[in-house]
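One structure is given here, and the rest of the page talks about it.
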Amino acid sequence: MIKTLLQQVKQYKRASILTPTFTALEVLMEVLIPFVTASIIDKGIEAGDMRQVYLYGGIMLGMAFFSLLFGYLAGRCAARASCGFAANLRQSIFEKVQTFSFSNIDKYSTAGLVTRMTTDVTNIQNAYQMCLRIAVRAPLMLLCSMFMCFFISVKLSTIFLIAMVILGVALFLIMNRTTKIFREVFHRYDDLNAEVQENVTAIRVVKAFVRETHENEKFGKAVQTLYSLFVKAESKLALNNPIMMFVVYGCILALSWFGAKLIVAGDLTTGNLTSLFSYVMGVLMSLMMLSMIFVMLTMSVASAERICEVLNETPDMPTADKPLTEIRDGSIDFDHVDFSYRHGSGEKVLQDINLHIHSGETIGIIGATGSGKSSLVSLISRLYDVDRGSVRVGGVDVMKYDIEALRNQVAVVLQKNELFSGTILDNLRWGKEDATEEECKAACRAAAADEFIDRFPDGYQTHIEQGGTNVSGGQKQRLCIARALLKHPKILILDDSTSAVDTATDAKIRKAFAEQIPETTKLIVSQRVSGVRDSDRILVLDGGKISGFASHEELLQTNTIYREIYEAQTQGGGDFDQPSDGGKKENV
């Protein structure tokens with residue numbers, strides 16, 4: 001875990017090394033100042049020698065100046081190193097997530113990934129800065145102060161040892177009880193972020209069903225749980241300060257009592273006793289800082305584990321040693337394919353899929369909800385890998401292609417359409433970065449999107465809000481289709497991506513496809529027979545298996561499921577999941 005995190009220091013290694021170096025020099029100056037103070041008292045003030053006062057006073061001022069200088073430099077380097085470390089961590093996590101397959105992403109909730117990149121990274125950043133400065137300063141100050149104490153008086157130094165044992169045991173007991181609580185806290189952060197994300201994403205549904213009060217209560221419970229855990233942990237940590245003060249004042253009293261006796265006996269000077277007071281504070285404050293480090297590390301260990309879990313996640317889509325970058329054509333072959341979302345342990349979503357699609361064909365895919373339509377087409381662009389069998393594009397197994405090259409030739413318009421903040425042109429150019437405005441307009445004409453874009457006052461410069469909230473569902477679908485067309489793919493997959501489009505517009509889009517991209521293989525997943533009936537062939541899926549694969553006319557004659565779907569939709573019986581009264585549904 002530590003190795004994984006330290007790999008993210010990268011260009012901030014120099015600042016990370018300079019920070020403890022300057023901190024060590026700062027501690028050295030601070031440790032020597034009380035020793036010089038003792039000389040001022042013993043050799044200057046008590047001896048009545050002002051020259052010694054000025055001499056040692058000047059030395060002390062010089063040390064104080066250098067202590068401030070080294071402290072400033074240490075703080076500056078620590079800030080640079082910790083902030084840079086956090087920036088690298090966030091960048092690495094984000095880049096790692098981009099390499100994940102869909103099955104990798106399915107392991108983590110969106111809220112969990114957001115928490116890792118925000119709260120968890122912030123905890124690691126604070127812990128790293130503390131380790132660079134306080135974790136160096138506290139042990140050095142402790143050791144140096146103890147050394148100076150024993151150098152001045154071995155007898156009085158035993159007071160510090162007793163104080164250290166008492167304070168150490170108390171802090172250990174406190175920290176031991178709070179460790180488990182802090183680990184639980186960060187799991188609760190995920191729940192809190194999930195509540196926020198779910199509510200904001202579905203705010204229209206919340207308001208439509210007047211569920212604001214219910215959502216407020218849910219969020220309130222999550223906040224209250226987090227509050228209770230923090231109060232529980234902080235209540236125990238609050239014992240640190242009174243125990244610390246008790247030990248400090250106990251040491252001062254003991255030093256005053258025994259030190260006075262030693263001065264009277266002539267075994268200790270007044271200046272040395274004064275120095276001991278400074279050193280005892282240094283020792284005890286070092287212990288206090290060490291306890292703070294322990295608290296921070298306790299909090300950050302849980303965060304570190306969660307971050308490393310993402311960074312060490314292995315993408316489950318291995319790449320070929322010499323991946324191919326050229327795709328011959330848009331032909332597609334499924335060779336006895338089995339697929340499940342949890343390889344080896346999950347229920348099979350697709351079973352023994354065996355079919356061949358010629359390049360340039362238009363294939364309709366239809367079936368009941370949960371029959372495996374989206375799963376089938378997701379295997380073509382290798383969003384998931386098969387459990388058994390193989391998927392070939394252009395006659396080559398998709399696992400032998402460079403993933404980027406494959407996906408550039410397989411354009412997918414998914415069920416859930418996403419637009420990003422920016423202009424319409426910005427969104428269209430996701431399909432082709434250097435596309436001209438004329439190319440974008442041509443793609444929009446093919447997707448029947450030009451008719452509503454031209455009605456916008458700013459046309460193609462119209463700003464799209466994040467998620468496309470300022471356009472309708474049908475408009476969003478057509479923009480996503482146009483974006484996919486700009487890639488000029490060999491294979492175009494429309495996964496129920498015209499569900500929010502009226503029948504006339506749907507027909508216009510299909511006609512444009514036939515005329516403008518005849519060589520592109522087109523797979524159209526639809527819930528409506530009207531959306532697939534003009535396809536060259538139609539694939540009927542039932543329970544993850546192929547029920548039929550033929551033309552519309554042939555399926556009406558030979559396939560019971562397709563015929564029931566057709567009759568249900570053409571005779572007013574509803575969609576195909578609700579067959580007409582006269583038909584008996586078979587595993588649809």
Side-chain angles (χ1 to χ4, degrees), residues 1-10 12 16 78-98 100 104-135 175 177-202 215-216 218-238 291-313 466:
M1 182 174 69
I2 294 175
K3 182 180 179 181
T4 300
L5 292 175
L6 290 181
Q7 287 175 348
Q8 305 305 319
V9 176
K10 298 178 181 177
Y12 300 100
S16 298
R80 177 177 172 80
S82 61
C83 292
F85 175 56
N88 286 343
L89 267 180
R90 289 191 174 96
Q91 184 68 31
S92 295
I93 294 172
F94 188 82
E95 290 177 355
K96 186 71 174 185
V97 171
Q98 303 309 305
F100 285 175
N104 288 121
I105 294 173
D106 291 342
K107 295 180 183 179
Y108 306 95
S109 66
T110 303
L113 289 173
V114 171
T115 303
R116 283 169 169 84
M117 295 184 66
T118 52
T119 304
D120 288 329
V121 170
T122 300
N123 288 335
I124 296 298
Q125 176 184 342
N126 293 336
Y128 187 64
Q129 184 172 19
M130 188 172 282
C131 286
L132 290 179
R133 289 206 68 188
I134 301 178
M175 295 304 104
R177 291 177 178 273
T178 55
T179 301
K180 295 179 181 179
I181 301 175
F182 278 120
R183 285 178 179 167
E184 177 67 17
V185 162
F186 294 111
H187 287 294
R188 295 295 179 180
Y189 267 126
D190 285 352
D191 296 338
L192 193 70
N193 286 340
E195 291 288 348
V196 175
Q197 181 192 4
E198 184 179 53
N199 182 270
V200 173
T201 304
E215 289 296 307
N216 287 338
K218 278 177 61 182
F219 186 74
K221 288 178 181 178
V223 170
Q224 188 62 36
T225 301
L226 197 60
Y227 162 79
S228 300
L229 286 171
F230 262 119
V231 168
K232 187 177 179 181
E234 295 294 342
S235 296
K236 289 178 171 56
L237 289 177
S291 73
M292 291 170 56
I293 293 170
F294 192 81
V295 172
M296 180 56 70
L297 290 178
T298 299
M299 295 173 61
S300 61
V301 163
S303 294
E305 290 173 349
R306 288 156 53 80
I307 289 171
C308 290
E309 184 182 7
V310 176
L311 292 177
N312 293 329
E313 177 77 21
Q466 184 177 6

Quiz item: Under 4.5 Å between any side-chain heavy atoms of L5 and C308, yes or no?
Solution: yes

Exercise. Any chance you could measure T115, atom OG1, to D120, atom CG, to the nearest 0.5 Å?
Key: 6.5 Å

Quiz item: Is any side-chain heavy atom of Q129 less than 4.5 Å from a side-chain heavy atom of I134?
Solution: no

Exercise. Show the numbers, then the answer: is there a side-chain hydrogen bond (donor to acceptor under 3.5 Å, both in side chains) between R90 and T122?
Key: CA-CA 10 Å; R90 289 191 174 96; T122 300; 3.2 Å; yes

Exercise. Report the C-alpha separation of E95 and Q91 in whole Å, then their side-chain angles, then the decisive distance to 0.1 Å, and conclude whether the side-chain hydrogen bond (donor to acceptor under 3.5 Å, both in side chains) test is met.
Key: CA-CA 6 Å; E95 290 177 355; Q91 184 68 31; 2.9 Å; yes

Exercise. Evaluate side-chain contact (heavy atoms from CB on, under 4.5 Å) for K218 paired with E215, printing each intermediate quantity in order.
Key: CA-CA 5 Å; K218 278 177 61 182; E215 289 296 307; 3.8 Å; yes

Quiz prompt | Aromatic centroids of Y12 and F85 separated by under 6.0 Å | solution = no

Quiz item: Would you find a donor on one side and an acceptor on the other, under 3.5 Å apart, between the side chain of K96 and the backbone of V310?
Solution: no

Exercise. Write down the atom of S82, the atom of Q125, and the distance for their closest heavy-atom approach.
Key: O-CG, 3.5 Å

Quiz item: Shortest non-hydrogen contact from A135 to C131?
Solution: CB-O, 3.1 Å

Self-check item: Working for side-chain contact (heavy atoms from CB on, under 4.5 Å), residues V121 and I93
Solution: CA-CA 10 Å; V121 170; I93 294 172; 4.0 Å; yes

Quiz item: Just how far is it from atom CG of L311 to atom CD of E313, taken to the nearest 0.5 Å?
Solution: 10.5 Å

Quiz prompt | Minimum heavy-atom distance between K10 and S92, given as atom pair plus value | solution = NZ-OG, 3.8 Å

Quiz prompt | Under 3.5 Å donor-acceptor, N123 side chain and S303 backbone | solution = no

Quiz item: Roughly how far, to the nearest 0.5 Å, is the CG atom of L89 from the CZ atom of R116?
Solution: 13.0 Å

